[in-house]
There are 4 protein chains.
Amino acid sequence: MKETARVEAFSDGVFAIAVTLLVLDLKVPPPEPPLLAGLLAEWPVFVAYVISFAFILIMWVNHHWMFQNIVRIDSSFLMLNGLLLLGITVVPFPTSLVASYILTADQTVATAIYSGWFVVIAIIFNILWRYASANGRLLSRQAHETGLAQAITARYRWGPAAYFAAFAIAFAWAPASLALNLALAVYYAWPRESKLQLPGARG
Amino acid sequence: MKETARVEAFSDGVFAIAVTLLVLDLKVPPPEPPLLAGLLAEWPVFVAYVISFAFILIMWVNHHWMFQNIVRIDSSFLMLNGLLLLGITVVPFPTSLVASYILTADQTVATAIYSGWFVVIAIIFNILWRYASANGRLLSRQAHETGLAQAITARYRWGPAAYFAAFAIAFAWAPASLALNLALAVYYAWPRESKLQLPGARG
Amino acid sequence: MKETARVEAFSDGVFAIAVTLLVLDLKVPPPEPPLLAGLLAEWPVFVAYVISFAFILIMWVNHHWMFQNIVRIDSSFLMLNGLLLLGITVVPFPTSLVASYILTADQTVATAIYSGWFVVIAIIFNILWRYASANGRLLSRQAHETGLAQAITARYRWGPAAYFAAFAIAFAWAPASLALNLALAVYYAWPRESKLQLPGARG
Amino acid sequence: MKETARVEAFSDGVFAIAVTLLVLDLKVPPPEPPLLAGLLAEWPVFVAYVISFAFILIMWVNHHWMFQNIVRIDSSFLMLNGLLLLGITVVPFPTSLVASYILTADQTVATAIYSGWFVVIAIIFNILWRYASANGRLLSRQAHETGLAQAITARYRWGPAAYFAAFAIAFAWAPASLALNLALAVYYAWPRESKLQLPGARG
């Protein structure tokens, strides 16, 4: 069995649970206004749900790709991966924050925390990949020698910048920040034929 | 290891968690009426529980069968599968809605949303399968050449129609819609010897 | 890969989540009485936690043993297994019931439902095993021919009877029923060298 | 397949769910004080989150290492492992306790329970390992004969003592106990090149 199998299985479990726990934020509206009106008034909850679901799913896909190039693990990698999982498990919390506060005076703080947390996760993800790929430390020979690793590094680099833009915009106008997050979710989730023939394209 | 193994494992995790989170809707009745009366008054919660449990279980069984014919994945398939998982993870929410509102004046809206969500999931499932099976894109040679894929396509086609019927009936009389959903759950869950010798019959 | 692998993985996920969700019933006591007194007053919650945790764990161990003798699955088995999983996922609910009502006048109803649910699960488990083992339908040749299957059948037979005793006693004195459930949990969880050399003893 | 595979998978599931459920304690602050002030006032919740997350992650890493040396299981091991999982699944509860009470007069009780629970888990972990490793009972030949097992035993021995120190300090000054727990989490999580060349270093 591949050396990394149990780390992948544990990580998969955490990703799957975090993404599913998001549903606990979808609350049945109180009986007072008609149900349809009550649900429509809850729209920020649904928008935040879709963004966070897509974000965690995208991170899982990237995590999956990363591990297809990794054939060894060490203690540092294990703990960096743990840090990434901590980031992922927390996501339902800023999701609740932004859903609760986007229509209030505190929308800037809530949106900045939401986007800021995505920045943190994207940075940890880059650190994790760079640790694994530096000098081919934990990579398969194939990934190291063909230039695939450098191509992936170049691609991942833009994640933190994109989420940082959403973070910065929160201070100008919070709804625009949320909209950018939604656009990023759609953009990253949109399938494309990768020019770099990522391993994910084969498997 | 099969190329699809980690996608299956992640999907299994999401299905398993979504089906188990349904229990969070089963609430201990308040102490005022006697316990037995309190529990009987909660009957819509239990009916909705059984329907949603069976629905998710049936989708998992079909997902399992689908993957026994699939030997490759690509980016588009990964994202369509992610969309299906989004549909599944949301199920506990319309389940709560229908359990809370089936005995109120808003029963039509609640039941229509509940059945409507099942229509959406059934449609995504069909898209996912058709994407994978068109021209045998992601199929094993065996599934593609023996006509098994077309047989499965024909069988899956009826799912959206059946749930759409339950959706339409909600506007006439909501309890009938719920009853149809329950009947569909029993019908689809009922084991049968498949005439098409689905791979599930072998394993 | 073993034909049953994905069914086992999905079932493991459901067992693991159900057993972990039990913790959501452990509530932080309100600030009014001192913390230690508040926690001691919550003792029924902890007793119910231990019983239900042990019950689910024991069912998982038995499920694990069962699958070591099973080498094929069919549609009926899949659905019976789904019924067992439905039983397991519901366990946190009667656990809450009994923890909330054991000190009230409704203790008999709560305890009867709690034990009664264990009876239902134990019966489903026996049906599942008998379906799989009848004429060696889904068994490995080894399990069928060596008499191991009959020995397992004989052993599992007592489960429903034992939980039925706890169910019946609930109508006489509810705390005795809870105590019997606790005793059964310890009894079944207690490791023993199996005279029948169950496969679990080897692996 | 390795005899221990399904036990590892089930344990992984429980660890992954317990670590993810911790997020349910992160509550959206009420709308009254400004959001930022409300979040800052919640700092004990975040500190407790980080400590408990790191604790469960560290236990998972150790569990992972332990199983790399184990090649057989028996009934007693299965039940000791179940006891360890019971300990892990409960962790979100004392985490809530300490987060709710660290700023109240009951801080000593809450912190003692929190650290005390870590002592209990660390002791169960040591019992589990010693049961598996005594006379090489469940170990691979390599782990038994090279002295690796004894080296691991020596290393694990300090866990209960360290958490007991945090437990004892709670009676003197509760915040110091929490700080020691945080320091222990960082210390144990900090990657190091193991002098004993633990299997984890290779895989």
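Labels below follow one simple rule: chain letters A, B, ... track the order of the sequence lines, proteins then strands, and each chain is numbered from 1.
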What part of [X] lies closer than 4.5 angstrom to a heavy atom of chain A: side chain, backbone, both or neither?
X       : answer
D:Leu24 : side chain
D:Val28 : both
D:Leu57 : side chain
D:Phe53 : side chain

Minimum heavy-atom distance [X]-[Y], with the two atoms named:
X        : Y       : answer
D:Val61  : A:Leu78 : CG1-CD2, 3.8 Å
D:Asp12  : A:Ala9  : OD2-CB, 4.3 Å
A:Arg6   : D:His63 : NH2-ND1, 3.0 Å
A:Gly13  : D:Ala16 : C-CB, 4.1 Å
D:Ala189 : A:Met79 : O-CG, 2.8 Å

Is the shortest heavy-atom distance from the side chain of D:Trp60 to the side chain of A:Val7 under 4.5 Å?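 Result yes, sub-4.5 Å side-chain heavy-atom pair found.
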
Next item on the list: Please say whether more than 12 non-hydrogen atoms of neighbouring residues, nucleotides or ligands are located less than 6.0 Å from CZ in D:Phe164.
Entry: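 Count not over threshold, so no.
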
[X] versus chain D, heavy atoms under 4.5 Å apart: side chain, backbone, both or neither?
X        : answer
A:Ile88  : neither
A:Ala99  : neither
A:Ser100 : side chain
A:Tyr101 : side chain
A:Leu86  : both

If you measure from [atom1] on [X] to [atom2] on [Y], what distance do you get to the nearest 0.5 Å?
X       : Y       : atom1 : atom2 : value
A:Phe93 : D:Asp25 : CZ    : CG    : 11.0 Å
D:Leu21 : A:Leu21 : CG    : CG    : 6.0 Å
A:Thr89 : D:Ile56 : OG1   : CD1   : 10.0 Å

Q: Would you please test A:Leu85 and D:Val19 for side-chain contact (heavy atoms from CB on, under 4.5 Å) and show each step?
A: CA-CA 9 Å; A:Leu85 295 181; D:Val19 94; over 6 Å; no

side-chain contact (heavy atoms from CB on, under 4.5 Å), that's the test. Do A:Thr104 and D:Leu35 meet it? Break it down for me. CA-CA 10 Å; A:Thr104 74; D:Leu35 177 54; over 6 Å; no

